[in-house]
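The structure is given below, and queries will be raised subsequently.
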Amino acid sequence: TSTPPPHLDFRAFVDALRSDDDLADINAEVDPNLEVAAVTRRAYELQSKAPLFHNIKGAHDGLFRILGASGGLSSDPQFPYRRLVRHVGLSPNASLGDFIDKMLSAKGKPGIPPVHVETGPCKENKLFGNDIDLTKLPAPLLNKADGGNYIQTMGINIVQHPTKAWVNWSIARAMVLDKTRMVGLIMKPQHIARIYAQWMESGKDMPFAIALGAPPIAVMASSMPLPEGVTESEYVGALCGEPLELVKCETNDLYVPARSEIVIEGTVSITERAKEGPFGEMHGYSFLDEELMEPIYNVAAITYRSGNAILPISVPGRATGPDETHTLIGTLASAEIRQLLQENGLPVLNVFTPYETQVIWAAVQVDRKKLWELETNAEEFCRKIGQLVFRRKCGMQIHRLLIVGDDIDPFNFKDVIWSYASRCRPGMDEYHFEDVAAYPLVPYMSHGPGAKLTGGKVVANCLLPHEYKQEQMWVTCDFENGYPEEIKERVLRRWSDFGL
Ligand SMILES: Cc1cc2c3c(c1C)C(C)(C)C[C@H]1C[C@@H](c4ccccc4)[C@]4(C(=O)NC(=O)N=C4N2C[C@H](O)[C@H](O)[C@H](O)COP(=O)(O)O)N31
Ligand SMILES: [K+]
Ligand SMILES: [Mn+2]
């Protein structure tokens with residue numbers, strides 16, 4: 001069979017990065033104890049090529065190579081989002097707006113259920129029972145403060161509701177605990193936690209599978225807060241217009257993408273917990289007192305591709321050069337927030353979480369002409385948006401919404417911060433929400449002055465009062481807006497002659 005396109009096959013995705021000259025094949029031996037992660041972290045921060053480590057110290061029997069920064073910005077400044085949009089089959093010059101449009105393009109369409117195939121590349125090698133020793137795998141230590149080796153940061157956590165009506169795909173971190181066990185974060189209101197709670201009620205351990213090196217477009221849907229009850233694999237089918245191909249797990253009834261690099265399967269205990277973390281997280285902090293007791297994953301089988309399977313990793317941290325917790329989590333939550341606001345009839349054009357705000361803030365771009373028709377005002381409009389976004393799961397990790405006009409590009413932080421700094425009057429233009437669910441991983445919540453789990457959210461109105469009812473009463477003083485077309489054309493034509 002011919003190799004599927006990059007958005008449906010991880011290996012093809014890696015080859016596409018190589019043909020884009022956006023991949024560094026590193027054959028020198030590299031240590032999974034911090035060195036691999038440090039290289040990856042610097043690759044994000046310098047927006048270098050994605051590092052593919054072919055020679056990991058301690059790798060054996062084809063387990064494993066490591067790919068870092070699969071969701072980082074591309075190394076070509078002309079196409080900064082190329083690596084991202086390759087996940088969803090868009091052309092190299094596609095924008096973040098195109099990426100969001102693509103991920104929302106299956107809304108309202110019926111899901112296309114995956115098809116079950118007999119076997120696939122992920123079945124080429126199988127480990128059971130005594131052959132399994134997670135402590136012998138080169139699972140990377142990602143940050144000097146981490147509490148363990150996080151083998152799972154970019155795989156798809158697959159769990160099924162006990163009624164079998166819903167199979168959820170998400171990304172949730174997990175670290176090696178011992179020979180056959182991991183421990184991983186399972187936190188409300190995430191769907192893995194909702195389904196886990198159902199298994200607890202049923203009194204049975206929760207079957208799981210983690211598919212690492214899964215089809216890139218499936219990784220995107222796994223990182224997207226799709227509505228409760230939506231089976232991500234069916235949404236991906238609708239996105240692609242064709243069903244995903246899945247194979248059955250060895251030790252439970254779950255199904256995984258047939259072309260995955262590595263599959264870890266087993267059951268999550270509903271009784272046993274262990275200390276999880278600390279973990280260098282998405283806001284750029286690793287708190288040394290992070291004492292989480294999280295559920296234990298009991299590993300019953302590991303299956304993997306021949307030819308040296310590849311483990312993708314994410315090394316979260318400061319978004320000086322964004323990593324997957326910014327480029328995937330932020331952008332995909334933005335998509336669902338836009339969908340929510342548009343479905344509620346609000347004149348919202350786009351939503352985006354600026355990397356410079358560590359994706360804790362989201363800019364909401366409003367069509368001002370349509371806003372006039374609502375005959376509303378800042379207080380009423382901002383409160384309505386806050387009530388919608390802050391009371392839904394897709395808004396969980398956003399703590400500040402900036403309401404900006406259509407003269408502002410939400411993907412351009414200089415635009416966003418200009419309107420916030422100059423049009424949002426302190427003490428009068430911000431509407432606070434203290435009774436909504438917070439995102440506890442935000443440092444001023446987990447280690448801040450107030451309650452940890454609720455509040456700390458605000459909607460900032462970055463529109464002047466008259467923009468709610470008429471044309472803006474100012475000329476923006478920049479080259480684009482401050483001069484007639486004829487002058488701008490003349491200046492552009494003569495620019496090089498001026499020697500500027
Ligand atoms: C792309 C990506 C997403 C992540 C994560 C990571 C990466 C790379 C790592 C690197 C492992 C870091 C932590 C960060 C950590 C995290 C925890 C809560 C909120 C945001 C992040 C968490 C996690 O450990 N637990 C969790 O519940 N959700 C996570 N998400 C967000 C979820 O994948 C996202 O929210 C989806 O929508 C879930 O699907 P669902 O809607 O429930 O079907 N991880
Ligand atoms: K998901
Ligand atoms: Mn879900």
Side-chain angles (χ1 to χ4, degrees), residues 37 40-41 44 68-72 84 87 103 111 140 142-143 146 150-161 166-175 182-197 210 212 214 216-236 239 276-286 290 292 294-295 297 312-317 319 322-337 353 358-360 392-399 437-442 445-446 453:
T40 301
R41 174 103 298 267
Y44 292 122
S70 54
L84 271 179
H87 281 75
M103 287 310 291
L142 300 179
N143 180 295
D146 279 4
Y150 276 81
I151 191 167
Q152 156 54 12
T153 55
M154 276 305 285
I156 297 177
N157 299 65
I158 299 173
V159 293
Q160 181 167 32
H161 193 283
W166 173 26
V167 180
N168 197 73
W169 289 10
S170 66
I171 294 189
R173 75 192 196 207
M175 60 180 238
M182 304 183 293
V183 55
L185 180 61
I186 294 186
M187 69 181 273
K188 288 188 169 51
Q190 300 293 62
H191 291 155
I192 189 170
R194 301 239 175 116
I195 289 175
Y196 180 70
I210 296 176
L212 293 139
I217 194 162
V219 172
M220 287 297 178
S222 302
S223 308
M224 183 173 180
L226 288 163
E228 183 166 338
V230 170
T231 289
E232 276 81 0
S233 61
E234 297 182 1
Y235 189 78
V236 173
L239 278 178
E276 196 269 343
F279 178 70
E281 256 302 352
M282 65 185 282
H283 301 120
Y285 299 78
S286 178
E290 196 180 286
L292 294 170
E294 293 293 333
Y297 285 70
I313 64 168
S314 173
V315 186
D323 60 63
E324 293 78 14
T325 61
H326 317 118
T327 60
L328 272 62
I329 303 179
T331 312
L332 297 163
S334 302
E336 284 289 339
I337 292 167
T353 49
Q358 211 65 34
V359 305
I360 299 170
R392 290 292 194 312
K393 176 175 166 299
C394 62
M396 179 258 272
Q397 76 241 18
I398 306 300
H399 269 257
Y439 179 20
L441 297 185
V442 174
M445 297 309 294
S446 63
L453 300 177

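Start at 1 and go down the list; that is how both ligands and their atoms are numbered. All residue numbers refer to positions in the sequence shown, counting from 1. Being a predicted model, the structure only gives us computed values, none of them experimental.
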**OP:** Would you indicate which of Glu232, Arg173, Gln152 comes nearest to atom 24 (O) of ligand 1 when only heavy atoms are counted?
**Re:** Arg173
**OP:** Report yes if Asn168 has an N/O atom closer than 3.5 Å to an N/O atom of ligand 1; otherwise report no.
**Re:** yes
Original post:
Which ligand 1 atoms, with their elements, are less than 4.0 angstrom from a heavy-atom of Ala172?
Top reply: 23 (C), 24 (O), 25 (N)
**OP:** Indicate the atoms forming the closest heavy-atom contact of Asp146 with Ser286, along with that distance.
**Re:** OD1-OG, 4.5 Å
Original post:
What's the ND1-the Mn ion (ligand 3)-OD1 angle here (His191, Asn168), rounded to 10 degrees?
Top reply: 100°
Original post:
From Ser222, does some N, O or S atom reach closer than 3.4 Å to the K ion (ligand 2)?
Top reply: yes
**OP:** Please write down residue, atom name and distance for the protein heavy atom closest to atom 42 (O) of ligand 1.
**Re:** His191 N, 2.8 Å
Original post:
Hey, which atoms in ligand 1 end up nearer than 4.0 Å to a heavy atom of Pro225?
Top reply: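 Once the distances to Pro225 are compared, the set is 37 (O), 41 (O).
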Original post:
Side chain, backbone, both or neither: which part of Ala193 comes within less than 4.0 Å of ligand 1 when only heavy atoms are counted?
Top reply: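 It is neither; nothing of Ala193 touches ligand 1.
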**OP:** Give the numbers and elements of all ligand 1 atoms closer than 4.0 Å to a heavy atom of Ile329.
**Re:** 1 (C), 2 (C), 3 (C), 4 (C), 21 (C), 30 (N), 31 (C)
**OP:** Closest by any non-hydrogen atom to atom 16 (C) of ligand 1: pick that one out of Phe279, Tyr439, Trp169.
**Re:**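 The nearest heavy atom belongs to Tyr439.
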Original post:
What angle, in degrees and rounded to 10°, do you get at the K ion (ligand 2) when you join it to O of Ala221 and to O of Trp169?
Top reply: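 Computed angle, vertex at the K ion (ligand 2), rounded to 10 degrees: 100°.
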Original post:
Relative to the K ion (ligand 2), which of the N, O or S atoms in Glu232 is the closest?
Top reply: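 Closest to the K ion (ligand 2) among those atoms: OE2.
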Subject >> Heteroatom N/O/S of Asn168 within less than 3.4 Å of the K ion (ligand 2) >> reply: no
**OP:** Among all protein heavy atoms, pick the one closest to atom 35 (O) of ligand 1 and tell me residue, atom and distance.
**Re:**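 Checking every protein heavy atom, the shortest distance to atom 35 (O) of ligand 1 gives Gln190 NE2, 2.9 Å.
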**OP:** State, to 0.1 Å, how close Ala438 and Pro440 come at their nearest heavy-atom pair, and which atoms those are.
**Re:**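 Residues Ala438 and Pro440, closest heavy atoms: O-CD, 3.2 Å.
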Original post:
Crowded around Tyr285 OH? As in, over 12 foreign heavy atoms under 6.0 Å?
Top reply: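 Count not over threshold, so no.
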Subject >> Heteroatom test (N, O or S) for Glu232 near the Mn ion (ligand 3), limit 2.8 Å >> reply: yes
Subject >> Atoms in ligand 1 flagged as close to Met282, the criterion being non-hydrogen separation under 4.0 Å >> reply: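 So the atoms of ligand 1 that pass are 21 (C).
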**OP:** Could you check atom 15 (C) of ligand 1 against the protein and tell me its nearest heavy-atom contact, residue, atom and distance included?
**Re:** Glu281 OE2, 3.8 Å
**OP:** Run the ring-centre check on Tyr439 versus His283 and record whether the distance is less than 6.0 Å.
**Re:** yes
Subject >> Heavy atom of the protein closest to atom 8 (C) of ligand 1 (residue, atom name, distance) >> reply: Thr153 O, 3.4 Å
Original post:
Is it the side chain (CB and beyond), the backbone, both or neither of Pro316 that lies under 4.0 Å from ligand 1, heavy atoms counted?
Top reply: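 Just the side chain.
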**OP:** Would you mind running through ligand 1 and noting each atom that sits below 4.0 Å from a heavy atom of Met154?
**Re:** 8 (C)
Original post:
Taking all atoms of both residues into account, what is the closest heavy-atom pair of Ile192 and Ser170, and its distance?
Top reply: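 For Ile192 and Ser170, the tightest heavy-atom pair comes out as CB-OG, 4.1 Å.
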Original post:
Any N/O of Ser314 closer than 3.5 Å to an N/O of ligand 1?
Top reply: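 By distance alone, the answer is no.
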Subject >> Shortest non-hydrogen contact between Val167 and Gln160, atoms and distance >> reply: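 For Val167 versus Gln160, the nearest heavy atoms are CG2-NE2, 3.7 Å.
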**OP:** Check whether any heavy atom of Tyr150 sits under 4.0 Å from an atom of ligand 1.
**Re:**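 Contact check Tyr150 vs ligand 1: negative.
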Subject >> Closest contact, heavy atoms only, Ser223 versus Ile171 >> reply: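 Here Ser223 and Ile171 meet closest at OG-CD1, 3.3 Å.
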Original post:
Closest non-hydrogen protein atom to atom 39 (O) of ligand 1, residue and atom name please, with distance?
Top reply: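 Result: Ser170 CB, 3.2 Å.
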Subject >> Residues Gln152 and Asn157: side-chain donor-acceptor under 3.5 angstrom >> reply: yes
**OP:** Report the part of Lys393 in contact with ligand 1, treating N, CA, C, O as backbone and CB onward as side chain, heavy atoms under 4.0 Å; options are side chain, backbone, both, neither.
**Re:**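 Within the 4.0 Å criterion, Lys393 contacts ligand 1 through side-chain atoms alone.
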Original post:
In terms of ring plane angle, is the pair Tyr150 and Phe279 parallel, tilted or perpendicular, where the classes change at 30° and 60°?
Top reply: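 Plane angle between 30° and 60°, so tilted.
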Subject >> Evaluation steps, salt bridge (charged side-chain N to carboxylate O under 4.0 Å, His left out), between Lys393 and Glu336 >> reply: CA-CA 10 Å; Lys393 176 175 166 299; Glu336 284 289 339; over 6 Å; no
**OP:** Around atom 1 (C) of ligand 1, find the nearest protein heavy atom and jot down its residue, atom name and distance.
**Re:**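 It is Ser223 OG, 3.4 Å.
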Subject >> Any side-chain heavy-atom pair of Met224 and Glu232 under 4.5 Å >> reply: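 Side-chain contact under 4.5 Å: no.
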Original post:
Among protein heavy atoms, which lies nearest atom 44 (N) of ligand 1, and at what distance?
Top reply: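 The answer is Ile171 O, 4.1 Å.
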**OP:** For atom 36 (C) of ligand 1, grab the closest protein heavy atom and report residue, atom and distance to one decimal in Å.
**Re:** Ser222 O, 3.4 Å
**OP:** Return yes when Arg194 approaches ligand 1 closer than 4.0 angstrom through a heavy atom, no otherwise.
**Re:**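 The answer is no: ligand 1 sits nowhere under 4.0 Å from a heavy atom of Arg194.
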Subject >> ligand 1 contact by Cys394, heavy-atom criterion under 4.0 angstrom >> reply: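 For ligand 1, residue contact (heavy atoms, under 4.0 Å) with Cys394 is absent.
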